[in-house]
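Let me begin by presenting the structure, written as structure tokens, before commenting on it.
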Amino acid sequence: MASDSKKGEKKKGGYIINVEHLNKQFLVDKKPVQVLSDINLQIKKGEFITIVGHSGCGKSTLLKIMCGLVDYEDGIVERNGHAVAGPGPKCGMVFQDHRLLPWLKIKDNVGFGLKNLSKEERERNVKKHLELVGLNGFENSYPSQLSGGMSQRAAIARGLANNPTILLLDEPFGALDALTRIQMQKEILRIQQEEKTTMVMVTHDIDEAIYLGNRIVVMSARPGKIMEIINVSPVDGKRRDSAGFAAYKKRIYNYFFENSEEEEETRNIL
């Protein structure tokens, strides 16, 4: 992994996540394939950042690099003021698949990573986070007894149980039905505002990106580059029926359907 001489210094510019000139390749059939190209992104503490782009553009790879789950060729990636050298307790991650352990009760799934706490501290922590995601009363249930939305709530509680300063979310609501998805969007926003956790979410849902994000990172097709970072109004971004929301949606759609037959169809529904 690329190293940086400034490791250990105070967060550069006050950023909790700092990415500079990041490049990433994978070997496919022994041939290098460029996945990310010259990524530059700085995220402040308490922000909610959403990332949208074509499938295969490197969105999830970028998230995993921030978490320390995937290595990279060159560039700088800093988290909490230190060069990323692997996963850490102050950075949680939630995947599209909730990945709950089916043989454990929900309370034990949420508390799975809290081995260093006493039994009493662990129980208090688990209770707090189950209440936070609206699952109080289901602590003794098993994952198979929960709906998809409830399972994702449990996964979010598990991600928050270590009190991370950063929570990374990789398409966490992608498998949910439309109504449950909207409800989960409201819930994750409420949790983020209550906990003041910095959140970065990858999504294919443009409405979701606008509704949740303080800023939206729009990425190109592979190799993924950042085409634009859009600042979202805290008023228009939360009103799905507003002209401002529609303008954000059109602006993002234009990146993906520019100069195509689909563009005209998209214009007609906006």
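Every value quoted in this text rests on a predicted model; they were computed, and no experiment measured them.
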Is there a side-chain contact between [X] and [Y], using heavy atoms and a 4.5 Å cut-off?
X: Leu41; Y: Ile229; answer: yes
X: Lys238; Y: Leu189; answer: yes
X: Tyr15; Y: Ile43; answer: no
X: Val217; Y: Ile49; answer: yes
X: Ile210; Y: Phe245; answer: yes
X: Leu100; Y: Ile106; answer: yes
X: Leu135; Y: Met150; answer: yes
X: Val133; Y: Ile191; answer: yes

- Do Phe26 and Lys31 pass the side chain to side chain contact (heavy atoms under 4.5 Å, CB included) test, and can you show the C-alpha distance, the side-chain angles, and the key distance before you say yes or no? CA-CA 8 Å; Phe26 284 116; Lys31 296 179 181 179; over 6 Å; no

Are [X] and [Y] linked, directly or through other ILVMFWY residues, by side chains that come within less than 4.5 angstrom of each other?
X: Phe112; Y: Leu132; result: no
X: Leu101; Y: Leu160; result: no
X: Ile182; Y: Met184; result: no
X: Val33; Y: Tyr72; result: no

Atom pair [atom1]/[atom2] of [X] and [Y] - distance to nearest 0.5 Å:
X: Leu168; Y: Leu63; atom1: CG; atom2: CG; answer: 4.5 Å
X: Met66; Y: Leu22; atom1: CE; atom2: CG; answer: 8.5 Å
X: Ile188; Y: Phe48; atom1: CD1; atom2: CZ; answer: 6.0 Å
X: Asn214; Y: Thr50; atom1: CG; atom2: OG1; answer: 8.5 Å
X: Asn125; Y: His129; atom1: CG; atom2: NE2; answer: 5.0 Å
X: Ile206; Y: Ile252; atom1: CD1; atom2: CD1; answer: 5.5 Å

Should we count [atom1] of [X] as having more than 12 external heavy atoms under 6.0 Å?
X: Arg215; atom1: CZ; answer: yes
X: Phe138; atom1: CZ; answer: no
X: Asp241; atom1: CG; answer: yes
X: Asn140; atom1: CG; answer: yes
X: Lys90; atom1: NZ; answer: yes

If I compare all heavy atoms of [X] with all of [Y], which pair ends up nearest, and what's the gap?
X: Leu146; Y: Ser151; answer: CB-OG, 3.7 Å
X: Asp236; Y: Ser242; answer: O-OG, 3.4 Å
X: Thr198; Y: Lys45; answer: OG1-CA, 3.4 Å
X: Gln185; Y: Arg240; answer: OE1-NH2, 2.6 Å
X: Asp170; Y: Met93; answer: CB-CE, 4.2 Å
X: Gly134; Y: Arg153; answer: CA-NH1, 4.3 Å

Applying side chain to side chain contact (heavy atoms under 4.5 Å, CB included) to Ile16 and Gln42, what does each step give before you reach the verdict?
CA-CA 8 Å; Ile16 195 167; Gln42 287 73 41; over 6 Å; no

Do the side chains of [X] and [Y] get close enough for a salt bridge, i.e. N-O under 4.0 angstrom?
X: Glu171; Y: Arg181; result: yes
X: Lys225; Y: Asp38; result: no
X: Lys127; Y: Glu131; result: yes

Residues Ser55, His204; criterion side chain to side chain contact (heavy atoms under 4.5 Å, CB included); working and verdict: CA-CA 8 Å; Ser55 293; His204 288 98; 3.4 Å; yes

Mark yes or no for whether [X], through its side chain, and [Y], through its backbone, hold a donor-acceptor pair below 3.5 Å.
X: Gln145; Y: Tyr142; value: yes
X: Lys59; Y: His54; value: yes
X: Glu78; Y: Val84; value: no
X: Thr197; Y: Met199; value: no
X: Glu208; Y: Asp205; value: no
X: Ser220; Y: Pro223; value: yes
X: Arg122; Y: Leu117; value: yes
X: Gln34; Y: Leu36; value: yes
X: Tyr248; Y: Ala209; value: no
X: Asn109; Y: Leu104; value: yes

Working note: Ile216 + Val52, criterion side chain to side chain contact (heavy atoms under 4.5 Å, CB included); need CA distance, chi angles, decisive distance, verdict. CA-CA 7 Å; Ile216 306 167; Val52 295; 4.0 Å; yes

Could you walk me through whether Glu20 and Asn40 pass the side-chain hydrogen bond (donor to acceptor under 3.5 Å, both in side chains) check? CA-CA 5 Å; Glu20 298 179 24; Asn40 293 277; over 6 Å; no

Q) Does NZ or CZ of Lys249 come closer than 6.0 Å to the centre of the six-membered ring of Tyr253, within 45° of the ring's axis? A) no

query: Quick one: does NZ or CZ of Arg99 land under 6.0 Å from the six-membered ring centre of Phe95, within 45 degrees of the ring axis?
result: yes

Open item on the list: Gln183 vs Thr180, test: side-chain hydrogen bond (donor to acceptor under 3.5 Å, both in side chains). Steps then yes/no.
Closed with: CA-CA 5 Å; Gln183 185 58 39; Thr180 303; over 6 Å; no

With Arg190 as partner, the option from Gln193, Glu194, Gln192 fulfilling side chain to side chain donor-acceptor pair (under 3.5 Å) is Glu194

